[in-house]
Peer 1: 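My questions will all concern the structure given below.
Indexing begins at 1, ligand by ligand and atom by atom, following the structure's order.
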Amino acid sequence: MAKPVSIEVWNPNGKYRVVSTKPMPGTRWINLLIEQDCRVEICTQKKTILSVEDIIALIGDKCDGVIGQLTEDWGETLFAALSRAGGKAFSNMAVGYNNVDVNAANKYGIAVGNTPGVLTETTAELAASLSLAAARRIVEADEFMRAGLYDGWLPNLFVGNLLKGQTVGVIGAGRIGSAYARMMVEGFKMNLIYYDLYQATRLEKFVTAYGQFLKANGEQPVTWKRASSMDEVLREADVISLHPVLDKTTYHLINKERLATMKKEAILVNCSRGPVIDEVALVEHLKQNPMFRVGLDVFEDEPYMKPGLSEMKNAIVVPHIASASKWTREGMATLAALNVLGKIKGYPIWGNPNQVEPFLNENAQPPAASPSIVNSKVCRFQGFKLSAASPHRA
Ligand SMILES: NC(=O)c1ccc[n+]([C@@H]2O[C@H](COP(=O)([O-])OP(=O)(O)OC[C@H]3O[C@@H](n4cnc5c(N)ncnc54)[C@H](O)[C@@H]3O)[C@@H](O)[C@H]2O)c1
Ligand SMILES: O=C(O)[C@H](O)CO
């Protein structure tokens with residue numbers, strides 16, 4: 001069994017043992033745990049992706065809760081090990097939890113936490129950045145400049161797409177998809193078409209009100225449309241950004257056939273999860289359609305890219321950094337730690353995981369609650385909800 005070698009220990013005499021599989025930004029999350037009598041162990045091993053065996057060794061014989069990462073495979077084996085060690089809670093330091101087998105956690109009565117809300121705007125901003133970078137060919141132009149190829153202004157040099165007046169398509173208009181849509185509509189005066197299983201009422205109201213404002217000021221109003229199918233979005237939009245959860249319904253949502261229905265000069269952005277796109281089909285499409293551009297934060301087999309992708313000039317690729325702002329990453333660490341702490345202490349679950357701000361206020365004690373537990377209906381919790389549960393519409 002692989003044994004992690006390097007551990008940092010905080011508050012060695014703490015009553016509850018909480019393990020974090022990675023060092024996480026900031027110290028507030030550590031302090032909050034220590035103040036509540038936790039011994040905090042942080043794995044500092046120089047290995048980016050820990051194996052199941054590594055994590056079993058970290059859990060050891062006695063462990064009350066674990067904070068883990070989206071790169072880890074939290075299934076039957078790990079939840080059984082955590083349960084044997086007396087564990088009650090696991091939290092991903094991520095909003096997405098497709099790496100977690102929630103049914104296995106339910107079987108062992110282990111609460112599963114995630115970190116919604118705190119990364120909404122940060123992730124949407126990266127999606128907007130990729131959209132802009134692809135539209136205006138910023139990465140290609142930067143490489144050209146650094147290669148010393150610029151020898152003067154030319155009418156045809158790196159001509160790209162104007163976003164104003166074009167249509168932005170959003171697939172998955174939840175928290176992040178809606179935040180991205182607002183940025184593109186308000187920032188670039190784009191019209192919106194979106195597809196989601198649910199109606200994004202607040203988003204629709206926002207676009208309507210902004211359109212009225214523009215019209216009142218003598219400008220062309222922006223418009224919105226809720227598409228009845230994803231294919232409608234793919235056919236009509238000039239820039240399409242993917243923001244659904246990854247599950248069976250969204251695996252390879254973008255495949256060869258669907259790519260073929262998109263405009264030849266469309267821009268596709270993915271800041272959700274890599275497997276939402278069939279990456280092999282995408283590489284082929286990029287080769288056949290040089291004016292089609294993509295901005296990718298996530299990949300089908302991270303950390304790898306499918307063959308050919310890195311050579312494509314019409315692809316911008318960044319290493320899963322969409323949530324990487326200091327405030328957000330520190331907030332994610334705090335929410336993950338409080339999810340685990342809340343379950344250990346028997347606190348209730350916060351009623352509305354879309355409103356996690358009270359947990360993020362550095363100048364006040366956080367509420368005595370777990371901010372976001374995804375299997376709360378199944379796991380038994382003591383106490384009652386602090387605020388009325390509300391649907392997770394953005
Ligand atoms: N790249 C990154 O670093 C990064 C950062 C944050 C989140 N994410 C990913 O983004 C996802 C979305 O996060 P969120 O906070 O907006 O979640 P959310 O739950 O608010 O939004 C997801 C939306 O997807 C919709 N959806 C589900 N299945 C669908 C389908 N088949 N077709 C269309 N829409 C569908 C849901 O109805 C929901 O509105 C996360 O699950 C995560 O995987 C990635
Ligand atoms: O799901 C998430 O939270 C991201 O992928 C990492 O921030």
Side-chain angles (χ1 to χ4, degrees), residues 22 24-25 67-72 74 91-100 102 112-130 169-182 193-204 226-234 240-254 258 269-277 295-300 302-303 317-333 335-336 339 352-356 372 374 390-394:
K22 286 278 170 232
M24 299 190 292
I67 302 163
Q69 301 297 326
L70 60 86
T71 47
E72 298 156 8
W74 278 85
S91 184
N92 241 16
M93 184 206 165
V95 64
Y97 54 93
N98 51 287
N99 61 311
V100 181
V102 179
V112 173
N114 73 338
T115 63
V118 66
L119 37 61
T120 299
E121 302 293 329
T122 296
T123 305
E125 283 181 12
L126 199 273
S129 309
L130 289 174
V170 171
I171 293 171
R175 287 175 290 249
I176 299 169
S178 289
Y180 167 84
R182 289 194 299 270
I193 179 167
Y194 78 92
Y195 176 71
D196 197 296
L197 309 177
Y198 302 94
Q199 187 174 7
T201 314
R202 277 180 61 190
L203 175 61
E204 292 176 0
R226 181 181 177 197
S228 55
S229 71
M230 207 187 80
D231 298 295
E232 201 180 330
V233 177
L234 297 179
I240 292 157
S241 197
L242 307 173
H243 297 285
V245 297
L246 171 62
D247 63 13
K248 277 185 281 195
T249 70
T250 59
Y251 176 80
H252 280 193
L253 204 65
I254 303 295
R258 283 191 159 136
V269 170
N270 189 10
C271 288
S272 60
R273 284 288 182 267
V276 172
I277 299 181
L296 302 175
D297 180 54
V298 288
F299 304 88
E300 197 168 347
E302 289 183 24
V317 289
V318 295
H320 206 147
I321 55 166
S323 67
S325 73
K326 183 174 180 290
W327 181 82
T328 287
R329 287 284 167 89
E330 290 186 5
M332 290 163 74
L335 295 181
N339 279 331
N352 185 352
N354 289 321
Q355 282 168 11
V356 291
S372 177
V374 300
S390 61
H392 81 282
R393 282 298 74 226

Peer 1: Looking only at distances, please establish whether an N/O atom of ligand 1 is found under 3.5 Å from an N/O atom of Tyr195.
Peer 2: no
Peer 1: Would you mind reporting whether Val318 and Leu126 have side-chain heavy atoms less than 4.5 Å apart?
Peer 2: yes
Peer 1: Test side chain to side chain contact (heavy atoms under 4.5 Å, CB included) on Tyr195 and Leu234 and set out the steps.
Peer 2: CA-CA 10 Å; Tyr195 176 71; Leu234 297 179; over 6 Å; no
Peer 1: From the options Arg273, His320, Gln69, Glu302, select the one whose nearest heavy atom is closest to atom 1 (O) of ligand 2.
Peer 2: Arg273
Peer 1: Between Asp297 (side chain only) and Cys271 (backbone N and O only), is there a donor and an acceptor less than 3.5 Å apart?
Peer 2: no
Peer 1: Would you mind finding which of Pro244, Cys271, Ala127, Ala124 brings a heavy atom closest to atom 44 (C) of ligand 1?
Peer 2: Cys271
Peer 1: Is Glu232 salt-bridged to Arg226, going by a charged N under 4.0 Å from an acidic O?
Peer 2: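 Arg226 and Glu232: not salt-bridged.
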Peer 1: Just to be sure I'm reading this right: ignoring hydrogens, which of Ile176, Leu126, Leu70 gets closest to atom 14 (P) of ligand 1? Compare them by their nearest heavy atoms.
Peer 2: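 Looking at heavy atoms only, Ile176 sits closest to atom 14 (P) of ligand 1.
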Peer 1: Has Thr250 got a side-chain atom pairing as donor or acceptor with Val245's backbone, closer than 3.5 angstrom?
Peer 2: yes
Peer 1: Compute the minimum heavy-atom distance from Met332 to ligand 2 and say whether it is under 4.0 Å.
Peer 2: yes
Peer 1: Please state which option from Thr120, Asp196, Leu242 has its nearest heavy atom closest to atom 23 (C) of ligand 1.
Peer 2: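 Comparing heavy atoms across Thr120, Asp196, Leu242, the nearest one to atom 23 (C) of ligand 1 lies in Asp196.
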Peer 1: Considering Val118, Thr123, Val245, Thr122 one by one, which has a heavy atom nearer to atom 27 (C) of ligand 1 than any of the others?
Peer 2: Val245
Peer 1: Kindly say whether Thr115 contributes a backbone atom to a donor-acceptor pair with the side chain of Ser372 at under 3.5 angstrom?
Peer 2: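 It does not hold such a pair.
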Peer 1: Taking only heavy atoms of Val298, which atoms of ligand 1 are found under 4.0 Å from at least one of them?
Peer 2: 1 (N)
Peer 1: Check this for me - ligand 2, Ala94, N or O atoms closer than 3.5 angstrom, yes or no?
Peer 2: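 N/O-N/O distance under 3.5 Å: no.
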Peer 1: For ligand 1, does Asp247 get within less than 4.0 Å through its side chain, its backbone, both, or neither, judged by non-hydrogen atoms?
Peer 2: neither
Peer 1: Looking at Leu203, is its backbone amide N or carbonyl O close enough to the side chain of Tyr194 to form a donor-acceptor pair, meaning the two atoms are under 3.5 Å apart?
Peer 2: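 Flag not set: sc Tyr194 to bb Leu203 has no pair under 3.5 Å.
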Peer 1: Do Asn92 side-chain atoms and Asn114 backbone N/O form a donor-acceptor pair below 3.5 Å?
Peer 2: no
Peer 1: Check for me whether Asp297 has a heavy atom closer than 4.0 Å to any atom of ligand 1.
Peer 2: yes
Peer 1: Closer than 4.0 Å to some heavy atom of His320 - which atoms of ligand 1 meet that?
Peer 2: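 Ligand 1 atoms under the 4.0 Å threshold to His320: 1 (N), 2 (C), 3 (O).
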Peer 1: Show the nearest heavy-atom pair for residues His320 and Arg329, with the distance to one decimal.
Peer 2: O-NH2, 3.9 Å
Peer 1: Note the single closest protein heavy atom to atom 3 (O) of ligand 2, along with its residue, its atom name and the distance in Å.
Peer 2: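 Nearest protein contact, heavy atoms only, for atom 3 (O) of ligand 2 is Val95 N, 2.8 Å.
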Peer 1: Would the distance check show the side chain of Thr328 and the main-chain N or O of Ala324 forming a donor-acceptor pair, the cut-off being under 3.5 Å?
Peer 2: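 Not a single qualifying donor-acceptor pair exists.
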Peer 1: Using a 4.0 Å cutoff against the non-hydrogen atoms of Tyr198, which atoms of ligand 1 qualify?
Peer 2: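 Those qualifying, in numeric order: 37 (O).
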Peer 1: Side chain, backbone, both or neither: which part of Arg175 has a heavy atom under 4.0 Å from ligand 1?
Peer 2: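 The answer is both, backbone and side chain.
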Peer 1: Consider ligand 1: state whether an atom of it lies below 4.0 angstrom from any non-hydrogen atom of Pro116.
Peer 2: no
Peer 1: What atoms in ligand 2 come closer than 4.0 Å to a heavy atom of Gly96?
Peer 2: 1 (O), 2 (C), 3 (O)
Peer 1: For Ser323, take its heavy atoms, then give the atoms of ligand 1 lying under 4.0 Å from any of them.
Peer 2: 3 (O)
Peer 1: Measure the distances from the heavy atoms of Arg329 to every atom of ligand 2 and state whether one is below 4.0 angstrom.
Peer 2: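 It does not, in that no heavy atom of Arg329 comes within the 4.0 Å cut-off of ligand 2.
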Peer 1: Under 3.5 Å between any N/O of Asn98 and any N/O of ligand 1: does that happen in this structure?
Peer 2: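 Not met; the criterion fails.
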Peer 1: So which bit of Leu70 gets within less than 4.0 Å of ligand 2, heavy atoms only: side chain, backbone, both or neither?
Peer 2: side chain
Peer 1: Does OH in Tyr97 sit with more than 12 non-hydrogen atoms of other residues, nucleotides or ligands closer than 6.0 Å?
Peer 2: no
Peer 1: Take Leu70 and Arg273 through the test side chain to side chain contact (heavy atoms under 4.5 Å, CB included) and record every step on the way to the result.
Peer 2: CA-CA 11 Å; Leu70 60 86; Arg273 284 288 182 267; 4.0 Å; yes
Peer 1: Backbone N or O of Ile176 within a donor-acceptor pair of the Thr120 side chain at under 3.5 Å?
Peer 2: no
Peer 1: Among all the protein's non-hydrogen atoms, which is closest to atom 7 (O) of ligand 2, and how far away is it?
Peer 2: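 In this structure, atom 7 (O) of ligand 2 has Ser323 OG, 2.6 Å as its nearest protein heavy atom.
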Peer 1: For Leu253 and Thr249, which heavy atoms make the closest approach, and how far apart are they?
Peer 2: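 Taking every non-hydrogen atom into account, CD1-O, 3.4 Å.
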Peer 1: Quick one: does ligand 2 sit under 4.0 Å from the side chain of Leu119, the backbone, both or neither, non-hydrogen atoms only?
Peer 2: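 Near ligand 2, Leu119 shows its side chain, while the N, CA, C and O stay back.
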